[in-house]
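Here's the structure, in structure tokens; my notes come after.
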2 protein chains.
Amino acid sequence: MADHPERRVPTLMDVADRAGVSAQTVSRVVNGQGPVAARTRARVMDAIGELNYVPNRLARGLARQRSLSIGFATNDISLHAPSQLASAIEGAARQAGYSLIVTIVAGYGLAPVTHALRALRERQVDGALINASLSPGDAHEITARFPDLPCMFMDVPPSAGVPGALLDQALGARLGADHLLNLGHTRIACIDAPQGAVAEQARLRGWEDTLAARGLSLVARAAGDWSPASGYAATQTLLAGGVPFTGLLVANDQMAVGALRALWERGVNVPADVSVVGYDDTAESALLIPPLTTVRQDFPLLGRRAFAHLHALLRSETHPPTLSTPELVVRASTAPPPGPERQDVQAALRTLMAALTRP
Amino acid sequence: MADHPERRVPTLMDVADRAGVSAQTVSRVVNGQGPVAARTRARVMDAIGELNYVPNRLARGLARQRSLSIGFATNDISLHAPSQLASAIEGAARQAGYSLIVTIVAGYGLAPVTHALRALRERQVDGALINASLSPGDAHEITARFPDLPCMFMDVPPSAGVPGALLDQALGARLGADHLLNLGHTRIACIDAPQGAVAEQARLRGWEDTLAARGLSLVARAAGDWSPASGYAATQTLLAGGVPFTGLLVANDQMAVGALRALWERGVNVPADVSVVGYDDTAESALLIPPLTTVRQDFPLLGRRAFAHLHALLRSETHPPTLSTPELVVRASTAPPPGPERQDVQAALRTLMAALTRP
DNA sequence: ACACGAAGTGTTAGCCTTAACATATGGCCG
DNA sequence: CGGCCATATGTTAAGGCTAACACTTCGTGT
């Protein structure tokens, strides 16, 4: 790769020699601390420019005993939430002079997270942000196993007593369920997320509790894996189950896309026959057919906050856990439940329409 | 943070003392190279376990002159393509013993990439993967400015003569355009991506060239920014433009979601009145209403390949640029163009239907 | 019995930077 | 004009690890 086999990348010492000063002086100039005469500084800057010197962060990290890098351990980063978080965290970290090392945690539970953190500790990260569906117990275990590694848990309930910044899943779930209840729905089904995902548990419990407060419970339930295809399959399962429902709570918007499709295929009109509530408010949601009523989660804000808290932690300032409040975005996928007679008319109309519009 | 203020994290030397051997021997055990007697190895392993020793990668990187980390410089990682790539690259890198440092490149062009690579070079990354809409000229400039940093350009045409692994944008664009042409469309509009995005240029040119080969050209054109909302707005612009079209080529599936919505709102039936072709084949696309005909891009494959090539490069094996071929996925959003009379009937039907189904 | 090579281990000298301390220079005060 | 302080710079010793080399201790062939 090297055009000039003899040429090494220049070091601090090379700059020092060229500028006719000691290494320490160059270090002072580079880091902008300690007194340096204006003339000297200028000479050093010139030498840096001429040699195209770049400081070596490994060596600096070794000498300073802090690497100025942080780790982000997360579930599959190609999903909506992790990628949004990564984007926000990277931005905040870079601005504060930190680099971001991303490690993907495969699967749920303690073991894969432990593995990921071990790798991050090898890299001497100054701290870690963890978004990996940990239970409060797991989070405590992590802090015990890595006492020297400041960690922020991004999806652990605040009650856990570990540093955390998270979205209030329970509230979000309640917002969605209450919305359906207030519209008059009583037969409500749900599509939740993979077992083991903490967000899933919190949402499911939030739904159940909200319904229970009105003396109701979920009439049917199916599980997906966050993907649109799984939402589609889950909805088919629900429809095939024979339990009638007029409201459908879905654990994320991507699965809701599949749900809308499955309902559409069966000739079930949304929202006239069934109301659908999503979760996340992805960029697509406002433009679906129909536009999706959903619970907005501000992931960029969460990401920035999480980094800010970790950053404070690194400077030994303690921060209480933060809870960001999601908000309900009402769009056209929800409406009052249909009366029984109306339901028949709708079905007939749809059949007619389908016949007419077919080429 | 430290429970026991006196306790440092154990070093190689601590392990050596405990096992009663020299540091070098511990190093040999940890790295599994060089001859070590079975008994000695066992003693060292025990000491490592007892102390919970973790090697310090900064120090190792400094001593070995390679950090076993690579950089990924990309546009906003919350978008579809970058997040898919990041996921695949991280997996491949981790498996090969490399950590991944992610840097987000803000904006298009040479300057922000240079900035990002400088930061990565500070971190002593062994190589970098770049997905940042660079022109071939920019790519050459980068290799000139960073002669010691092996780079893979993930979105630079192979003709550029720089190491690259990319998806054949021109072919993908051709597939989509040919599909519409073969269905009989002659009035084709497009929604392309931000100026400066290389993918955009390649796709736009591919569309134009393909149409030109049949003596046609795009009848209208609007630009988006990859987001569903921008696709929606662009489609509204096209519809308001007054230039009739029966085929619509969209530069990604997310914008196609917005396009489908805008057409639906205007009562334009897809595919009876207008056929829509997307690009990417996101997880949602098969489940939209109607399911979207699109050009599938295998980003996970691209990510793995890109890393494999970089890895080869790091071992001084030269690899020719690779071109992955996208493939057309035909779904229900495309059909032959309507005859003029049919178009009126459709419109009337839609009006009727909308009136009937309104509660 | 001797040289020889291989296996196993230790020693030394870096890798590049910074913290801590040491030194030199100049200005100012009494 | 000596002494003292602030400013500006240099020196030394880590920081944790590994490459390169040096040194033992064997077993082997002759």
Side-chain angles (χ1 to χ4, degrees), chain A residues 7-45 47-48 51-69 97 99 118 120-126 148, chain B residues 7-45 47-48 51-69 97 99 121-126 148:
Chain A
R7 198 178 67 188
R8 294 166 312 122
V9 313
T11 73
L12 196 77
M13 204 52 211
D14 298 326
V15 174
D17 288 348
R18 182 162 192 121
V21 297
S22 73
Q24 185 59 221
T25 299
V26 177
S27 173
R28 279 191 273 254
V29 170
V30 169
N31 294 293
Q33 46 198 249
V36 179
R39 265 188 58 103
T40 312
R41 182 191 316 281
R43 276 218 315 282
V44 170
M45 293 299 276
I48 287 174
L51 294 174
N52 197 19
Y53 165 73
V54 176
N56 182 328
R57 289 251 206 175
L58 298 190
R60 175 183 292 178
L62 193 58
R64 284 222 269 235
Q65 295 289 76
R66 7 178 271 141
S67 64
L68 282 181
S69 67
S99 298
R118 197 179 296 275
L120 290 176
R121 214 180 75 173
E122 283 195 20
R123 291 283 174 195
Q124 307 296 113
V125 295
D126 295 331
D148 303 311
Chain B
R7 198 178 67 189
R8 293 168 312 122
V9 314
T11 73
L12 195 77
M13 203 53 211
D14 298 326
V15 175
D17 287 349
R18 183 163 192 118
V21 298
S22 73
Q24 185 60 223
T25 299
V26 178
S27 172
R28 280 191 273 254
V29 170
V30 170
N31 294 293
Q33 46 197 250
V36 179
R39 267 186 57 102
T40 311
R41 182 192 315 280
R43 275 218 315 283
V44 171
M45 293 299 275
I48 287 174
L51 294 173
N52 195 21
Y53 166 73
V54 176
N56 182 328
R57 290 251 207 175
L58 298 189
R60 176 185 291 180
L62 194 58
R64 284 223 268 237
Q65 295 286 80
R66 7 177 269 142
S67 63
L68 281 182
S69 68
S99 298
R121 217 181 74 174
E122 283 194 22
R123 292 283 174 195
Q124 308 298 111
V125 296
D126 295 332
D148 303 312

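Below, each value reflects all heavy atoms present in this structure, side chains not excepted, and no hydrogens, waters or symmetry copies. Naming convention: chains lettered A, B, ... in sequence-line order (proteins, then strands); numbering from 1 in each chain.
- Here the side chains of B:P55 and B:L12 are not in contact, with every heavy-atom distance at 4.5 Å or above.
- Of all heavy-atom pairs spanning A:T11 and A:Y53, the tightest one is C-CE1, 3.5 Å.
- Among B:V54, B:N52, B:L51, the single residue meeting the side chain to side chain contact (heavy atoms under 4.5 Å, CB included) criterion with B:P10 is B:L51.
- Contacts with DNA chain C (heavy atom under 4.0 Å) in residues 59-69 of chain A: A:A59, A:R60, A:A63, A:R64, listed by number.
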Might you work through the side chain to side chain contact (heavy atoms under 4.5 Å, CB included) test for B:R57 and A:L120, ending with a clear yes or no? CA-CA 10 Å; B:R57 290 251 207 175; A:L120 290 176; over 6 Å; no
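- Along DNA chain C, read 5' to 3', the first and last nucleotides having any atom under 4.0 Å from a heavy atom of chain A are C:dC16 to C:dA20.
- For B:R18, the salt bridge (Lys or Arg N to Asp or Glu O under 4.0 Å) criterion is met by B:E50, not counting sequence neighbours.
- Taking all atoms of both residues into account, the shortest heavy-atom contact from B:L58 to A:L62 is CD1-N, 4.1 Å.
- Checking side-chain atoms of A:D126 against main-chain N and O of A:S67 turns up a donor-acceptor pair under 3.5 Å.
- Residue B:I48 comes nearest to B:V30 through the heavy atom pair CD1-CG2, 3.9 Å, listed as atom of the first residue, atom of the second, then distance.
- Residue pairs meeting the salt bridge (charged side-chain N to carboxylate O under 4.0 Å, His left out) criterion with at least one member in residues 23-43 of chain A: none, sequence neighbours excluded.
- Taking every heavy atom of residues 20-32 of chain B and every atom of DNA chain D, pairs under 4.0 Å involve B:Q24, B:S27, B:N31, by number.
- Counting only N and O atoms by type, the side chains of B:R123 and A:N56 include no donor and acceptor under 3.5 Å apart.
- A:A16 and A:V26 get closest at one heavy-atom pair: CA-CG2, 3.6 Å.
- Chain B approaches DNA chain D over the interval D:dG16 to D:dA20, counting the first and last nucleotide 5' to 3' with an atom under 4.0 Å from its heavy atoms.
- No side-chain heavy atom of A:V125 sits less than 4.5 Å from a side-chain heavy atom of A:R121.
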